[in-house]
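Input: a single structure, listed below in structure tokens.
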There are 2 protein chains.
Amino acid sequence: MAIDHLDGRIIVLLAREPRIGVLEMSRRLGVARGTVQARLDRLLARGVIRGFGPEVDPAALGYPVTAFATLQIRQGQGAEVRAHLAGVPEVLELHTTTGTGDMLCRLVARSNADLQRVIDRVVAIDGIVRASTAIVMENPVPLRVIPLVEQAAQE
Amino acid sequence: MAIDHLDGRIIVLLAREPRIGVLEMSRRLGVARGTVQARLDRLLARGVIRGFGPEVDPAALGYPVTAFATLQIRQGQGAEVRAHLAGVPEVLELHTTTGTGDMLCRLVARSNADLQRVIDRVVAIDGIVRASTAIVMENPVPLRVIPLVEQAAQE
DNA sequence: GCATCCACTGGGCAATCTGTCCGGTGAGAC
DNA sequence: GTCTCACCGGACAGATTGCCCAGTGGATGC
């Protein structure tokens with residue numbers, strides 16, 4: 001089994017109030033402190049919780065424009081392209097995918113004009129045959145996991 | 001200006017060792033504790049740092065398959081579609097975009113077979129005209145912000 | 001039936017960190 | 001020259017952490 005009900009409640013609680021601390025959690029959940037501590041350790045050890053890194057808002061950093069670029073890669077050039085993209089700070093995320101494109105990456109830029117600079121930099125390598133970009137206008141559902149955790153914990 | 005050098009070092013330090021605490025940070029950075037505390041408060045107040053939510057790995061939760069779906073929406077049905085997708089736990093993220101598709105969403109599923117169920121649920125609303133899905137195979141660059149922070153802090 | 005293992009409870013301990021003050025200093029703005 | 005602001009270095013009580021312990025209850029295996 002992935003996680004049980006108590007694990008789920010711990011994660012959800014932690015997601016809602018990250019600064020909460022083990023002691024306060026144990027109070028809210030009505031279990032002993034040692035239990036929460038042990039559960040947390042296990043969740044971290046199993047990799048269910050990867051960490052507690054700060055969530056940084058690129059917009060507040062001066063990068064309010066987000067875009068997704070679909071890239072088509074020349075056969076056998078995958079490794080080079082990956083390394084190249086990993087070196088571009090504005091590439092926040094990169095996936096290799098099935099389908100018409102071969103890679104999908106998330107970009108940020110200082111402005112729509114600046115996005116051109118970023119894309120130029122992204123495609124400045126031979127291995128990329130074609131790139132098509134979609135600019136993000138709104139983000140109705142920001143990255144979230146709570147609903148998934150709740151679903152996973154119910155079983 | 002967005003963030004200065006010290007802000008950048010604080011964020012990077014926090015990203016690398018999230019459990020670190022203000023006191024230890026002040027030691028590592030060679031500044032007074034009050035300074036780090038004030039900087040952190042400001043970063044949080046300005047929204048540069050949104051929070052410290054736990055990073056949950058969907059794979060460890062039993063959802064090892066990730067996919068991106070591009071959706072075409074019938075004119076004027078945007079709101080309904082958003083609400084519908086927000087109610088699907090496997091939809092981790094939703095963006096409205098320019099370009100051929102109208103929305104882009106990130107999905108997870110228990111297996112490739114299960115992905116079919118998720119997609120069926122996603123498209124189970126009138127407003128979606130067409131959906132095209134790309135399954136993620138690898139994730140050479142997991143979501144990251146450190147390089148961007150470092151770049152933003154240099155100026 | 002009985003022993004064993006495991007998770008949880010409830011408690012206690014010292015060490016550490018947090019939140020919050022304070023006065024003093026230096027740099028830049030007016 | 002004066003003011004404002006950020007930073008420093010230090011202080012304080014209060015709370016939390018990491019760690020330990022013995023006891024309990026359920027599940028498992030013999």
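Every chain is numbered from 1, with letters handed out A, B, ... down the list of sequences.
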Inset, instruction - Would you check if the side chain of R130(B) reaches a backbone N or O of T70(B) as a donor-acceptor pair within less than 3.5 Å? - result: no
Legend entry - Out of dC8(D), dC8(C), dG19(C), whichever nucleotide has its closest atom nearest the side chain of A32(B): dC8(D)
Inset, instruction - Please answer whether the main-chain N or O of E150(A) pairs with a side-chain N or O of R9(A) as donor and acceptor at a distance below 3.5 Å. - result: no
Inset, instruction - Mind calculating the distance between CE (M25(B)) and C1' (dC7(D)) to the nearest angstrom? - result: 17 Å
Legend entry - Which nucleotide in dC8(D), dT20(C), dA6(D) has an atom nearest any side-chain atom of T35(B): dC8(D)
Inset, instruction - Compare side-chain N and O positions of Q37(A) against OP1 and OP2 of dG18(D) and report whether any pair is under 4.0 Å apart. - result: yes
Inset, instruction - Please work out if E24(A) contacts a base, only the sugar-phosphate, or nothing of the nucleic acid, heavy-atom cut-off 4.0 Å. - result: nothing
Inset, instruction - Taking D57(B) for its side chain and V48(A) for its backbone only, find out whether a donor-acceptor pair lies under 3.5 Å. - result: no
Legend entry - Spacing between L6(A) atom CG and dC8(C) atom P, to the nearest angstrom: 7 Å
Inset, instruction - Compare the minimum distances between each of dA7(C), dT17(D), dG19(C) and the side chain of R33(A), then state the nucleotide with the smallest one. - result: dT17(D)
Legend entry - Gap between atoms CZ and P, on R27(B) and dT18(C) respectively (whole Å): 9 Å
Inset, instruction - Just compare dG18(D), dT16(D), dA6(D) and give me whichever is closest to any side-chain atom of L23(A). - result: dT16(D)
Inset, instruction - Compare side-chain N and O positions of R39(A) against OP1 and OP2 of dA7(C) and report whether any pair is under 4.0 Å apart. - result: no
Inset, instruction - Check for a donor-acceptor pair, side chain of T96(A) on one end and backbone N or O of M103(A) on the other, with a separation under 3.5 Å. - result: no
Legend entry - Five-pair end axes of the helix from dG1(C)-dC30(D) to dC30(C)-dG1(D), angle between them (10°): 40°
Inset, instruction - Starting from P on dT16(D), measure out to CG on L40(A) and report it in whole angstrom. - result: 16 Å
Legend entry - Residue-phosphate contact under 4.0 Å: R19(B) side-chain N/O, dT16(D) OP1/OP2: no
